[in-house]
Structures are given as structure tokens and as C-alpha cells.
2 protein chains.
Amino acid sequence: MGNSKLYKGSLITIILKLLNEHDKMYGYEIVQRVKEITKDELKITEGALYPSLHKLEAEGLLNVEVLKVGNRLRKYYKLTEKGTKETVNKLAELESYIKTMRALVNPKFRID
Amino acid sequence: MGNSKLYKGSLITIILKLLNEHDKMYGYEIVQRVKEITKDELKITEGALYPSLHKLEAEGLLNVEVLKVGNRLRKYYKLTEKGTKETVNKLAELESYIKTMRALVNPKFRID
DNA sequence: ATATATACATAAAATTCTTATGCATAAATT
DNA sequence: AATTTATGCATAAGAATTTTATGTATATAT
């Protein structure tokens, strides 16, 4: 993904949040959207994305709907109710992570 | 480490920053310090820490000094010059990561 | 005609971490 | 006195996530 290893573990959070916003997206679209938003800082690889989407679907966080657009297939993913709840969790975990890391790297953010 | 998977990839950054601050630390001390600072949010496991310290040493980012304290050994690690430079990089990467993630999860932080 | 973009997929390898285990000394508890 | 907890290091098996490489196929731009 990114140039730094910190993105490891962030992919699920990113996918869920984008779907939470857009209601319905397909894999290729997610890759493009992330490139846009991050100004090419973060490029999701297909080899990471597609297995993750399949996993989220298997866990019941996403629903799939296959559409034929022109002559190509698109697999549209949508959050389930469970997926929406998990999105909230993941976003809270991200905020917690950021706070914790700030305390670690920025002594003035420590609550002694 | 933490309850969330986001900490994956953060360990090196944490180690380097703490050593940048304390000048000289041993493994067990790092584990305790992180627990303190994060109020038990983040517990570094020994199985992750020690191999990472060995790796940083092998890469020339850390120097080791073995001291016998009482009757027990302590391996004190210290940043090399290269390690100090890498710390700056890692901290910049963390800031970049946080900005990028904020843009992804918080639309109002996006620069369109 | 050829290259690039769109769209999905999987498999091998690399990376990082968890869990489990091992050794040994020191201090605290029962 | 005996046992548990704390201190201090280490490694190895397995799990999880990601990279890299490869494959298939249609559509558009050069």
C-alpha cells in the first residue's frame, strides 16, 4: 500500500468507512477513490483489496450485487447492518490508536 | 500488542522514539514504559520486542551494551547516528499516516 | 495496431505479530 | 519455608495481513 508500514492493518477500516459514505461501491472504484483522496499517497493493491472484500463478505459485514455494465462485470459491495456497526468500532479504534501513538511520540500529550 | 490491528507496523517507530528520548534503555524497560505511557492500552509482547531490537541492531540503528545489574543481565540499547536519522523519518511517516487516514475517514479534512 | 484503463481473481512469498515455551535471578506473598 | 510474581532475555511455531507476480477479459485512447 503506502510507502510506510504503518498502513498495515488499516485496510479494513478504510474499506468500511468508504462504503459507509458511498452506500455502494465496487473494488476498482475503491482503489481509485483512495488514490484520489490521498493524492496518490496510498495505493491499495488489488492483491490486498479483493481478498479483504471476500473476507468481509464471508463475515457478513458486506453484501454483494453483481451488475453487468456494458460488457464487463462489476461487483458492488454494500454494508450490512452488522457492517455498519463494525464501521463505528473500527473508526473508534482508529481514534484510539492515534491518541495512543500521539502520547508515545509526543511527550506533551501524555497524561501523567 | 493492542486490542486493535492498527498497531501492526508501529513497533519500530515506538522503539526508536523512546530511545530518542531516553538515550539508553533495555528491553524490559521499554515494555514497562509503553504500558505506563499508554495506561495499559498498548502492551508490547516480548515475542515482538526482542526480535525487533535484534533487527534494529543488525541494521546499524542501535548499539548494544550489556550490563550486569545485581546478578542479572541487562542489554542496554542506544541509538546510533543512523538510528537518530531514521527516527526522524519514522516520526514523519507517522504524521503522514495520521493525516492520510484523517482525510480518508473524515471528509472535512479532504483537500479537493 | 498497440498501449493504457477498466474489472476481477488467486497464489507464492514476505512481513509482522501472537502465542507458547524456555531459562534464570530477585522479591513478595502465603 | 514454599510458592507466586516480577525481572530479564530468548526463540520457534503459527496466524494474519500485505506485496509481488500472474492470469483473464473488455473498452478506450494513441
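A note on names: the letters A, B, ... follow the listed sequences, proteins ahead of strands, and every chain is numbered from 1. Predicted, not measured: the structure shown is a model, and the values here were computed from it.
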Should the pair B:Lys24 and B:Tyr76 be classed as cation-pi, given the thresholds of under 6.0 Å to the six-membered ring centre and 45° from the axis?
yes
Lys/Arg N to Asp/Glu carboxylate O, A:Lys82 vs A:Glu86, below 4.0 Å:
no
Looking at A:Glu29 and A:Lys75, is any side-chain nitrogen of the basic one under 4.0 Å from a carboxylate oxygen of the acidic one?
no
Quick one: which of D:dT7, C:dT25, D:dG8 gets closest to the side chain of B:Gln32?
D:dT7
Under 4.0 Å: is that the gap between some side-chain N or O of B:Tyr26 and OP1 or OP2 of D:dG8?
yes
Under 4.0 Å between a side-chain N/O of B:Asn71 and OP1 or OP2 of C:dA26, yes or no?
yes
Rounded to the nearest Å, what distance is computed from the [atom1] atom of residue [X] to the [atom2] atom of nucleotide [N]?
X: A:Lys43; N: D:dT18; atom1: NZ; atom2: C1'; value: 17 Å
X: A:Leu73; N: D:dT24; atom1: CG; atom2: C1'; value: 12 Å
X: B:Ile44; N: C:dT19; atom1: CD1; atom2: P; value: 15 Å
X: B:Ile30; N: D:dG8; atom1: CD1; atom2: C1'; value: 13 Å
X: A:Leu62; N: C:dC8; atom1: CG; atom2: P; value: 13 Å
X: B:Leu49; N: D:dA10; atom1: CG; atom2: P; value: 9 Å
X: A:Glu29; N: C:dT6; atom1: CD; atom2: C1'; value: 12 Å
X: A:Arg33; N: C:dA5; atom1: CZ; atom2: P; value: 19 Å

Sugar-phosphate or base contact per nucleotide [nucleotides 9-17 of chain C; S, B, -; heavy atom under 4.0 Å]:
BB----BBS
Test side-chain hydrogen bond (donor to acceptor under 3.5 Å, both in side chains) on B:Tyr7 and B:Glu41 and set out the steps.
CA-CA 11 Å; B:Tyr7 291 102; B:Glu41 230 277 302; 2.6 Å; yes
Under 4.0 angstrom, heavy atoms only, what part of the nucleic acid is B:Arg72 near: base, sugar-phosphate, or nothing?
base
Side-chain (A:Thr80) to main-chain (A:Gly60) donor-acceptor, under 3.5 angstrom
yes
Which atoms form the tightest heavy-atom contact between A:Thr38 and A:Val34, and what is the distance?
OG1-O, 2.8 Å
Between B:Leu104 and B:Arg110, what is the shortest heavy-atom contact and its length?
O-NH2, 3.0 Å
